[in-house]
2 protein chains.
Amino acid sequence: MLSRMSVYTPGQVAEETGFSLDTLRYYERIGLLEPIGRNAAGQRRFTQEDIGWLGMIRCLRDTGMPIAEMLRFAELTRQGEHTIRDRIALLEAHDRRVEAQVANLREKQTAIRNKIGYYRGVVGTGRGLS
Amino acid sequence: MLSRMSVYTPGQVAEETGFSLDTLRYYERIGLLEPIGRNAAGQRRFTQEDIGWLGMIRCLRDTGMPIAEMLRFAELTRQGEHTIRDRIALLEAHDRRVEAQVANLREKQTAIRNKIGYYRGVVGTGRGLS
DNA sequence: GCTTGACCTGGAGCCCGCTCCAGGTGCCAT
DNA sequence: ATGGCACCTGGAGCGGGCTCCAGGTCAAGC
């Protein structure tokens with residue numbers, strides 16, 4: 001415990017973010033994370049900021065954004081403040097896709113529930129309807 | 001137009017269901033569809049029932065069910081009415097996963113919208129906050 | 001009778017997003 | 001000083017779900 005100055009080992013970050021060690025390394029390799037700081041021995045030490053960024057990545061991934069587009073977002077972010085409007089546009093477009101996703105999910109879920117209801121009717125009466 | 005007796009060519013089915021020709025053939029190959037009827041020339045002719053089943057497949061796929069599990073469902077269906085309770089259980093379990101999916105999507109979407117709001121604040125005031 | 005187009009088959013290939021591996025280094029506790 | 005463990009690297013491999021291809025068959029229209 002020599003540093004309470006908010007750095008985290010790969011293991012801790014994996015634990016906290018739910019990404020595997022391999023995935024964290026992979027994301028750094030492809031440039032989705034910018035190069036993570038290292039200690040004297042060459043081991044990664046993540047900052048609070050890295051973890052925040054990983055939180056964003058987690059949101060985008062979980063909502064189905066492909067890596068290529070997350071890379072685009074990462075690049076914009078690296079380019080500084082003059083890209084904020086582009087970032088807003090990107091996130092809004094994504095938000096719309098998420099909305100569509102939810103709508104589709106709900107629609108299909110309704111159909112599945114209808115099927116369940118139909119099956120219940122069949123077992124309920126003890127005789128097949130189709 | 002020799003048959004109005006409800007059979008459909010692969011092209012028509014692809015059109016209607018949104019599955020590609022290759023995907024339809026693939027699904028038949030792996031047993032997700034049972035063997036599709038053929039005309040004299042060996043070309044597939046889908047029935048209304050086939051199309052109905054494809055509708056179910058579409059629901060399950062769009063809600064993220066893996067093919068392996070759809071195969072299990074297909075197998076149960078083929079085995080007849082005594083598997084209906086199992087089918088209900090399978091669909092209910094899936095329905096719960098869909099519910100969780102939607103909840104997760106909504107949660108992440110909220111975070112994304114917050115980020116958009118934050119970015120708006122930044123461009124709005126013309127000065128960065130982070 | 002010839003072209004065009006929709007279809008057929010078996011099998012190879014592809015993309016995505018990781019995941020695993022071998023071989024090696026360094027820190028820490030006993 | 002020795003063992004164990006967390007970590008390192010570059011590169012290969014994998015699983016899921018299609019997608020594409022070559023080479024061939026038939027049917028209908030010009």
Side-chain angles (χ1 to χ4, degrees), chain A residues 1-3 7-47 50-51 54 56-74 94 97 101 108, chain B residues 1-3 7-47 50-51 54 56-74 94 97 101 108:
Chain A
M1 273 152 225
L2 33 71
S3 73
V7 299
Y8 304 84
T9 65
Q12 290 168 331
V13 174
E15 175 76 13
E16 259 194 56
T17 64
F19 291 117
S20 76
L21 293 171
D22 270 320
T23 299
L24 291 172
R25 289 194 277 255
Y26 169 67
Y27 283 173
E28 184 181 352
R29 250 185 357 233
I30 64 173
L32 191 51
L33 272 50
E34 46 201 285
I36 300 300
R38 305 302 179 110
N39 71 2
Q43 298 190 345
R44 287 173 183 81
R45 290 299 178 257
F46 292 78
T47 65
D50 293 327
I51 291 180
L54 282 166
M56 189 71 206
I57 293 304
R58 167 61 70 203
C59 285
L60 299 178
R61 274 239 335 90
D62 280 10
T63 50
M65 183 181 286
I67 283 184
E69 195 173 350
M70 294 197 288
L71 279 175
R72 166 99 187 110
F73 183 67
H94 184 59
R97 286 190 301 263
Q101 238 185 105
K108 300 299 156 63
Chain B
M1 272 153 223
L2 32 71
S3 73
V7 299
Y8 305 83
T9 65
Q12 290 168 331
V13 174
E15 174 77 13
E16 258 194 56
T17 64
F19 291 116
S20 77
L21 293 171
D22 271 320
T23 298
L24 291 173
R25 289 194 276 256
Y26 169 67
Y27 283 172
E28 183 181 355
R29 249 182 3 229
I30 64 174
L32 191 51
L33 273 50
E34 45 200 286
I36 300 299
R38 306 300 181 111
N39 71 2
Q43 300 189 341
R44 286 173 184 79
R45 289 300 178 258
F46 292 78
T47 65
D50 293 326
I51 291 179
L54 282 166
M56 189 71 206
I57 293 303
R58 167 61 71 203
C59 285
L60 299 177
R61 281 262 314 103
D62 279 10
T63 50
M65 183 181 287
I67 284 185
E69 195 172 349
M70 293 197 288
L71 278 175
R72 167 97 186 111
F73 183 67
H94 184 59
R97 287 191 300 264
Q101 237 185 106
K108 300 300 155 64

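Each chain gets a letter, A, B and so on, in the order the sequences are listed, and its residues count up from 1. All figures in this text were calculated on a predicted structure; none of them were measured in a lab. Excluded from the calculations below are hydrogen atoms, water molecules and symmetry mates; all remaining heavy atoms, backbone and side chain alike, are included.
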query: Tell me, for nucleotides 4-11 of chain C in 5' to 3' order, what letter each nucleotide earns: B for a base near a protein heavy atom under 4.0 Å, S for only sugar-phosphate near one, - for neither?
result: ---SSB-B

message: Tell me whether the side-chain N/O atoms of A/Y26 come closer than 4.0 Å to OP1 or OP2 in C/dC20.
response: no

- prompt: Would you say a side-chain N or O of A/T23 is under 4.0 Å from OP1 or OP2 of C/dT19?
  reply: yes

Spacing of [X] atom [atom1] relative to [N] atom [atom2], expressed in whole Å:
{"X": "A/E69", "N": "C/dC15", "atom1": "CD", "atom2": "P", "answer": "19 Å"}
{"X": "A/R58", "N": "C/dG17", "atom1": "CZ", "atom2": "P", "answer": "14 Å"}
{"X": "A/F19", "N": "C/dC18", "atom1": "CZ", "atom2": "P", "answer": "8 Å"}
{"X": "A/M70", "N": "C/dC16", "atom1": "CE", "atom2": "C1'", "answer": "11 Å"}
{"X": "A/I36", "N": "D/dC7", "atom1": "CD1", "atom2": "P", "answer": "14 Å"}
{"X": "B/R61", "N": "D/dC18", "atom1": "CZ", "atom2": "C1'", "answer": "9 Å"}
{"X": "B/L24", "N": "D/dC18", "atom1": "CG", "atom2": "P", "answer": "11 Å"}
{"X": "A/I67", "N": "C/dT19", "atom1": "CD1", "atom2": "P", "answer": "11 Å"}

message: Whether B/R61 and B/E69 form a salt bridge (side-chain N of Lys/Arg under 4.0 Å from carboxylate O of Asp/Glu) is what I want to check.
response: no

With the side chain counted from C-beta on, respond yes when [X] and [Y] share a heavy-atom pair under 4.5 Å apart, and no when they do not.
{"X": "A/Y26", "Y": "A/I67", "answer": "yes"}
{"X": "A/F73", "Y": "A/L60", "answer": "yes"}
{"X": "A/R45", "Y": "A/I36", "answer": "no"}

- prompt: Which comes earlier along DNA chain D counting from the 5' end, the contact point of B/A40 or that of B/A68, where each point is its nearest nucleotide?
  reply: B/A68

task: Using the test side chain to side chain contact (heavy atoms under 4.5 Å, CB included), find all partners of A/Q12 that sit at least two apart in sequence or belong to another chain.
output: A/Y8, A/T9

statement: Residue set satisfying salt bridge (charged side-chain N to carboxylate O under 4.0 Å, His left out) with A/E28, at least two apart, ordered chain then number -> A/R38, A/R44

message: Checking A/D50 against A/V13 for the side-chain contact (heavy atoms from CB on, under 4.5 Å) test, could you report, in this order, the C-alpha distance in whole Å, the side-chain angles of both residues, the deciding distance, and whether it holds?
response: CA-CA 9 Å; A/D50 293 327; A/V13 174; over 6 Å; no

